[in-house]
Amino acid sequence: VQLQASGGGLVQAGGSLRLSCATSGIASRTYALGWFRQAPGKEREFVAAISLSGRSTYYPDSVKGRFTISRDNAKGTVDLQMNSLKIEDTAIYYCGAHWEIQRLRQGRADYWGQGTLVTVSS
């Protein structure tokens, strides 16, 4: 299973950014997918998760209403649309895959992509 995140960059507070994670075929057919982030000096935290079918999504309160996760199983991608970005959203963002979506919510993944850096400036 391979995951490759992209789309990070520098954005002003209040702006938007869209991250994308390309997955290998088996991941898009088998796994729940999620996004996580790790800010400097902090532990990696859960950001969003989406079920295999795409019908169920989960977010922590810190991003709920601002971030939207989506997946396209035909293309093998999972995206994270981030709106109303805050300085505290600055972090390296990772995509991950797990059989069980509840494990993603716990910050766990069987497979990880490399990170993509998101920097939100004032």
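Positions are given from 1 along the sequence.
- Judged as a disulfide bond (SG atoms under 2.5 Å apart), the pairs with a partner in residues 14-112 (not counting sequence neighbours) are, in order, C21-C95.
- Counting non-hydrogen atoms of other residues, nucleotides and ligands closer than 6.0 Å to CD of Q2 gives a total of 12 or fewer.
- When hydrophobic clusters are built by joining Ile, Leu, Val, Met, Phe, Trp and Tyr residues whose side-chain heavy atoms come closer than 4.5 Å, directly or via intermediates, M82 is grouped together with V11.
- The side-chain tip of R44 points at the ring of Y94 from less than 6.0 angstrom away and within 45° of straight on.
- F36 and V78 fall into different hydrophobic clusters, where Ile, Leu, Val, Met, Phe, Trp and Tyr are joined by side-chain heavy atoms under 4.5 Å apart, directly or via other members.
- A donor and an acceptor atom, one from each side chain of R105 and Y58, are nowhere located under 3.5 Å apart.
- Annotation: E88, atom CD; neighbour count of heavy atoms from other residues, nucleotides and ligands within 6.0 Å is above 12.
- Using a cut-off of 4.0 Å between Lys/Arg side-chain N and Asp/Glu carboxylate O, D79 and R18 are scored as salt-bridged.
- With a 4.5 Å cut-off on side-chain heavy atoms, N83 and F67 do not count as touching.
- Taking both residues in full, the closest heavy atoms of A48 and L80 are given as CB-CD1, 3.9 Å, listed atom of the first, atom of the second, then distance.
- When the side-chain contact (heavy atoms from CB on, under 4.5 Å) test is applied to R103, the partners found at least two apart in sequence or on another chain are H98, E100, Q106, R108.
- Listed here is the closest heavy atom pair of A91 and R37: CB-CB, 3.8 Å.
- We find that D89 and K86 are not joined by a salt bridge, their nearest charged nitrogen and carboxylate oxygen being 4.0 Å or further apart.
- Residue Q114 places its CD atom among more than 12 non-hydrogen atoms of other residues, nucleotides or ligands, all under 6.0 Å distant.
- Side chain of N73 to main chain of G76: no donor-acceptor pair is present (N/O by atom type, distance under 3.5 Å, no hydrogens or angles).
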Discussion item. Quick one, T116 with I92, criterion side-chain contact (heavy atoms from CB on, under 4.5 Å). Give me CA distance, side-chain angles, the key distance, then yes/no.
Written reply: CA-CA 5 Å; T116 186; I92 298 174; over 6 Å; no
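- Ring geometry, Y111 versus Y31: the interplanar angle exceeds 60°, so the pair is classed perpendicular (tilted spans 30 to 60°).
- S84 places no side-chain N or O within donor-acceptor distance of the main-chain N or O of R66, the cut-off being under 3.5 Å.
- By the criterion of side-chain heavy atoms lying less than 4.5 angstrom apart, applied directly or through intervening Ile, Leu, Val, Met, Phe, Trp or Tyr residues, L117 is not grouped with L3; the two fall into different hydrophobic clusters.
- Formation of a donor-acceptor pair under 3.5 Å by the Y59 side chain with backbone atoms of F46 is not found in this model.
- A donor-acceptor contact shorter than 3.5 Å is absent between the side chain of T90 and the backbone of T119.
- Taken together through direct or relayed side-chain contacts under 4.5 Å among Ile, Leu, Val, Met, Phe, Trp and Tyr, Y93 and L104 form parts of separate hydrophobic clusters.
- In this structure, T77 contributes its side chain and A22 its backbone to no donor-acceptor pair below 3.5 Å.
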